[in-house]
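FYI, side chains are in, hydrogens and waters are out, and symmetry mates aren't considered; it's all heavy atoms of this structure. We're numbering straight along the sequence, starting at 1.
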Amino acid sequence: MDFNTNLNDLSDRAKDVDPDIRFMAVSDIDKMLCGHKNQLASNSYKLKNVAILLCQLLQDSNPDVQNQAVKTFQSLGAVFNESHIHLLDVTIGTVFDMVQKDQSTRKDNEMVMASSNYTMALRYFIQNLNYSKQSAAEAVVSRIFPSIVNNHTQVIQSLDYIEILSDLIKYNGFALDGPRIKQALILLINSSYKCYGILSTKSISTLSLLMSYSTTAAQAENIVDRAFLDAGGIQSINPSLDQFQLETVRLNIMLNLSKTKNSEKFVSRFDSIFEVLKDDLFLDRFEDVEMDDEDNEINDDIAKFDELRDVSLSCIENLLSLFYKNFNNHNESILAITKLFLKYDPFNFGDDDDEEEEADTMDEDEDEIDFSDDDEYEDDGGNDDISWRLRKQSAKLIGILVKKSRGVILHALFDERHFDLLVTKLNDSNDLVVSEVLCTLTIIIQQIHELGDSDKELYGKLINKLEYVVKSITKNLAKSKNVNSLNNYLSFVSKLLDVSKSYFTSNFILSILSAIQSFKASSASNFQLDTDLIDLYTGLFQQHNLVGLKSKLDSIISDLVVGISSNARNASLASINSSIYLVQNMTKHHIDYSEFPSFNSVLSLAIEKSGSKKFDSELREKCSTFLIAVYKGFRLDDSSISEQILAVIKTNLTYDSLSEPTLVSIGKLFGFDVTVNDIPSYWLVEVIDISLKFISSNNQVNQPSLHKEALELIVKIIKSSQLENKLDHDIYVRIIESLISKQFIDIKQYENKLLAIGILLSKITQCNISLVEQIVMLIQDGISSKIEDDYPLILITKHLTHKVDGEKLYDELFNKDSFDKPILSPAILSTVVVESHLHHKIAEFEKLLMCGVSDEKQLIFILNFLGNVSKFKKLEIELSVFLELLRTYQSNETVKLTIAGNIGKFISRDINSYLPHILKSLKSASENEAEETKSLRYCLLLALRQELDIKYRDFEHNRLNSKAHNNIVNESSASSIWKVVEEIESKEELSVTELGVASEILTLIVLAREDFIGNFQRYLDAEEAQWNYLSMNYLLLSAIKQLISQEYFSDDTKKQFLRGDNFVRFVNSCLNSSSLDLKQMSLNLLLSVFRIDFDEYFNRRIIQTNILMNILVELKPRTEFIKKIQIGPFKTKIDDGIELRKSVYELLFAILGNDLFIKSIGEDAANSSKGMLESILQNIVDFGLKDISEIILIANLMIQNILKISKYAIFADPAVFDNFMTRSNKLLNKKLNDKSTKQQVEEQKESVKYMSKTIKQLDSIIEHADSDEVSGTLVGKWREFERDNVQAFQV
């Protein structure tokens, strides 16, 4: 049935006498409106017929049909657009007439109880209208607004009308002009104060919607003045209201207004508002608290006071989030208020002195804490007592104030005893108060932790209170009324342990563990293990030496047994994960597991769950990791347990979803530290065979990580010292043959394969002819490959040479094509001649070099060959030959750099003899300003770098059980090199390329001798005036950037270095430099830190300092970096700042993905990080969206990330939102000419693609946003933008 026939059929069925048929017809009309939306929208005649039909069905006699028609108005509204203004007016008018007619037949009390079906249909219709033009919104407003206002000159007495007005403002408010806003304002204020119950509440919420459309501060201030501040005018609206009723409405209005997006516009009224809020706290009425003697109930007036106080404190909370800067002068006042209300409890009023003295007396308590319930009291306030809400609000306000002030008030909290008072409120009769107090205490402790060493006095104040806090926590934890209450305490203790771990003594922890046991004992069978308790245990295992806790350890392990046994997956998973940390701690501190009977139960459960298919893969994987940790760390005297562990691990290796993680777990048995238990040969062979099957499978493309882990495990096993005498010759050969036959796509895996074969060759004594031929072919293939590390190939060659005739091997590897591979080929051949002592081959190449070589490839080959030989054997030719060649070939860059590298190799064999000569030549080259000597200087720097690199890499390849490498370069040589490099760079003549090499030299020295980092620190600690040496600044930044990325450079040393105040100032100084290269290197360093993300403190310093502002400046193209050059008849513009800007965007992208930055946004809606977020967004929109294609792509990704962090950030400033649409419009509609290159076309396509994704994300946010989040004006502009760029919205 076609569309037209279907429409006619539906019309006939909708008029059928059978209500069921009519119901199904309406349902089908709804489906048609959704499925044929575009067809109906383009045919006004058919749309009109559908609208008329639905209006008729609204008045159907059958309630089910009528209700279905009401729902269908949602779909009808979505079809309408700005081309249907007349029909829109008619439809709205028809339904609104039904509403008015229905209202005229209702009694007054019926108007307040519920909305009519006609009202619901009209609201659905308005909410789903799809238009962007002002004219369409104007049609809706004009049809309804006058009737509502004219029929209700004083107040709106009908729920229907107030809800319609609310939707009208929410979805069409941008069409309201000044006079209409004024009319609505008067009507809503009157209704708020004159009506009661739901009508008043709805009027107040609608008033807040009106605030969202206040485009100017004057409009917002007018609303606040008339609705809240004008006490006299408000009183005159409804003189019959008593003080409590009036203030209740008044405060609820402010509570709603303070939540709206435009509330920031009435900041000028802050002081006046705050004074009213303080008045409504009735601070002078605390002495009037009276209890009804007979019933022990709260006095009615006090209950009313407390209701007002509750709303007033809520308003202060909202305003504090909005206008913290305005609260600066009121911090003391707010703290005084919170202190008063924290102590406020009508049922225990007069006990304030006891609370204030509790901190003092608790310090005098005996060490043994009494966990009895004698002093515990229950909340007997009944339903009338809401004082607990005031105590809860006060605790929350302190937390907000601490976060907003960034720690400014922390000293006052300790000095004025607020902190002590908060701790005493852990005894509060209401669990919600206790929970809020714990949250606030957590915020305080976290803020002190974040301040770190910058405020040691404050940290000391916290530590001084630690015993008091622990005693209070312990006492109340033991008496927790339920598991939820216990979990609140546990969460807080976990945070306290994390922040104050170095001050948390074993006695503190033991007292907490005793309290937990006491709670469990009192709960008896009702106690159920929760993950919060497991998380606490995990924190203990990670951070504290368990030796001092051995008396409680078996009880803890028993809890882990309960958790692992639990049917609740989360508890089971958390418990086995915690057990892994337990084992790590016990092995680290040499604690014998046999001392704790419960440990065997954990072990048995882990074996059972790891090997059973009844449990999910993640749990089984964690159990396997635990078993590996046990096998590695504990001496297992029971051989049956060892066998069970190894058996279940091997079984999991063959289980598809567990194969990869099990490979990783097994690899931990073969690390630097030796596994305690002996690994049976049979098990090793089986694991190797399974791994080889993974490697030989054909799923390398589909399962690349499985192949990678299997290969890495093979390498770990054969490198391990535990392998000695475990495997026989035939197994080694079998592994070699299996690896040789397997081709690897990934270059790193290929290098791992070569490394494994090289190590295995060292373990076998002989090779058969077939295997030798395969290995020779492997070497030849390796020479032709693109491997980055030649060590594995050299290792293979070295050990093969010991098993075959070296002369024959040389002849097989050296052929006419060898000169075409002048890097790898000479390295391999030099290994053959050195290991086989083929001195005559070396002499042949020396002779060729001395006689002179005209062919460049041949010369490079000879130089590399002799350079590699010189690392192990003294040549007949001297160093002077290489230095002379260096001077001869100054004009040939390729040959020159080859000679420089091989000089480094030459001197590496005997650095003590050759280094003085090299350094002398380097200084001489630096003192001569001729170009050729500058070039010589660069080459000598390269030679030094090469020499140090050889030493370091040789150490890395041979390193097994030791990480100490201070013997790579002796102190005297390191000092000499450092001194000369410093002297050279101080002349300010080095190019950026030379500085890069110099920084690598200093980096290698520091890697070799970690104590030399002090040389960098001394430069940073010097006066800022000495930071004017651009070359030293660049060298230092470059060296530090390399150091922080080194795996074997101590993290502690890195952190100590990066955390210095001078370092942050130094980086900031370099960012402000006029040197493009220095700016670039500063950004590269910061980017490295954020990518590695190893130091939370440093990242926080960068986020919170003005470094970010200096970075944002670089987003705008700088005229000083743009130049014009003549290319033929044309002048071409060259922008040298492009790379700099790309680095800025990459850094900002890393910051936006940083957990600290995201956390700071989430914790505080109006803090400096949010302001920074909006600044980043503004600059990206202003400059990023009109930059080169590559920057446009990352700019869009950044906008998408910002919208994930704070989805309404782009609406904070309407100018930014407008600019985004302008930039997007230009990009989406950019026309390329016929002469555009293929690259330009592809770049434009990519830019449009990324921009379209951003637009779709933004459109989804707008679609689901409330009017107080996105104003109707902005929605209207967006819909017009959508109409002009339909394709972008369809991506």
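One distance of note links CG of Asp102 with OG of Ser158; it measures 8.5 Å at 0.5 Å rounding. A distance of 9.5 Å separates CZ in Arg391 from OG in Ser394, rounded to the nearest 0.5 Å. In this structure, the separation between CG on Leu320 and CD1 on Ile316 is 9.0 Å, given to the nearest 0.5 Å. Residue Gln219 holds its CD atom at 9.0 Å from CG of Leu210, rounded to the nearest 0.5 Å. With rounding to the nearest 0.5 Å, the separation of CD1 in Ile253 from CZ in Phe228 is 9.0 Å. Here the straight-line distance linking atom CD of Gln1200 with atom CD1 of Ile1205 works out to 12.0 Å at 0.5 Å rounding.
Using a 4.5 Å heavy-atom threshold, the side chains of Ile1255 and Trp1278 count as touching. Side-chain atoms of Arg250 and Val276, non-hydrogen and from C-beta on, do get closer than 4.5 Å to each other. Contact check for Asn81 versus His84: side-chain heavy atoms found under the 4.5 Å cut-off. At least one side-chain heavy atom of Leu209 sits under 4.5 Å from a side-chain heavy atom of Ser166. You'll find the side chain of Ser205 stays beyond 4.5 Å of the side chain of Lys259, heavy atoms only. Under the 4.5 Å side-chain criterion, counting only non-hydrogen atoms from C-beta, Cys439 is not in contact with Lys396. Between Lys1277 and Asp1218, the closest side-chain pair of non-hydrogen atoms falls below 4.5 Å. Between Leu335 and Thr338 the shortest side-chain heavy-atom distance falls below 4.5 Å.
Aromatic ring pairs are classed by plane angle as parallel below 30°, tilted from 30° to 60° and perpendicular above 60°; the pair Phe96 and Tyr161 is perpendicular. Using cut-offs of 30° and 60° for the angle between ring planes, the Phe73 and Phe125 rings count as perpendicular.
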Worksheet entry | Test ring-ring contact (aromatic ring centres under 6.0 Å, His included) applied to Phe305 and Phe244, step by step | CA-CA 8 Å; Phe305 280 134; Phe244 291 115; 5.0 Å; yes
Fill in: Verdict with reasoning, Glu221 to Arg269, per salt bridge (Lys or Arg N to Asp or Glu O under 4.0 Å)
CA-CA 7 Å; Glu221 290 162 2; Arg269 299 293 191 267; 3.7 Å; yes
Practice prompt. Would you please test Ile162 and Leu188 for side chain to side chain contact (heavy atoms under 4.5 Å, CB included) and show each step?
Written response: CA-CA 9 Å; Ile162 192 63; Leu188 290 169; 3.7 Å; yes
Worksheet item: Passes side chain to side chain contact (heavy atoms under 4.5 Å, CB included), Ile334 versus Phe274? Steps please.
Response: CA-CA 10 Å; Ile334 295 177; Phe274 187 54; 4.0 Å; yes
Fill in: Worked check of side chain to side chain contact (heavy atoms under 4.5 Å, CB included) between Val311 and Thr248
CA-CA 8 Å; Val311 184; Thr248 299; 5.7 Å; no
Practice prompt. Go through Gln127 and Gln74 one step at a time and tell me if the side chain to side chain contact (heavy atoms under 4.5 Å, CB included) criterion holds.
Written response: CA-CA 8 Å; Gln127 290 169 11; Gln74 296 179 78; over 6 Å; no
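In this structure a side-chain-to-backbone donor-acceptor pair under 3.5 Å is present from Asn238 to Tyr193. Put simply, the side chain of Tyr124 never gets that close to the backbone of Gly77: no donor and acceptor are under 3.5 Å apart. In this structure, the side chain of Asn1179 engages the main chain of Ser1175 through a donor-acceptor pair within 3.5 Å. Thr91 places no side-chain N or O within donor-acceptor distance of the main-chain N or O of Leu88, the cut-off being under 3.5 Å. Using modelled atom types, one side-chain atom of Asp160 and one backbone atom of Ser116 make a donor-acceptor pair closer than 3.5 Å. The backbone N or O of Ala218 lies less than 3.5 Å from no partner atom in the side chain of Asn222, so there is not a single donor-acceptor pair. In this structure, Thr260 contributes its side chain and Ser208 its backbone to no donor-acceptor pair below 3.5 Å. Remark: side-chain polar atoms of Ser258 are paired, donor with acceptor, to backbone N or O of Leu255 under 3.5 angstrom.
Between Arg389 and Glu436 there is no salt bridge, since no side-chain N of the basic residue sits under 4.0 Å from a carboxylate O of the acidic one. Look at Glu247 and Lys304 and you find no salt bridge, because none of the NZ, NE, NH1 or NH2 atoms lies under 4.0 Å from a carboxylate O.
Across all their heavy atoms, Leu129 and Val140 have their closest contact at CD1-CG2, 3.8 Å. Taking each heavy atom of Ile186 and Arg226 in turn, the nearest pair found is CG1-NH2, 3.4 Å. Taking each heavy atom of Leu257 and Leu207 in turn, the nearest pair found is CD2-O, 4.2 Å. Here the shortest heavy-atom pairing between Val149 and Leu187 reads CA-CD2, 4.3 Å. Closest approach of Ser240 and Gln245 over heavy atoms only: O-OE1, 4.2 Å. Ala395 and Thr440 make their closest contact through O-OG1, 2.6 Å (heavy atoms, listed as atom of the first residue, atom of the second, distance).
Residues Gln1178 and Asp1213 bring no donor and acceptor atom of their side chains to less than 3.5 Å of each other. There is no side-chain donor-acceptor pair under 3.5 Å between Ser312 and Asp280.
Counted within 6.0 Å of CD on Glu332, heavy atoms from surrounding residues, nucleotides or ligands total 12 or fewer; the atom is thus considered open.
Under a cutoff of 6.0 Å and an axis angle of 45°, Arg309 and Tyr344 form a cation-pi pair.
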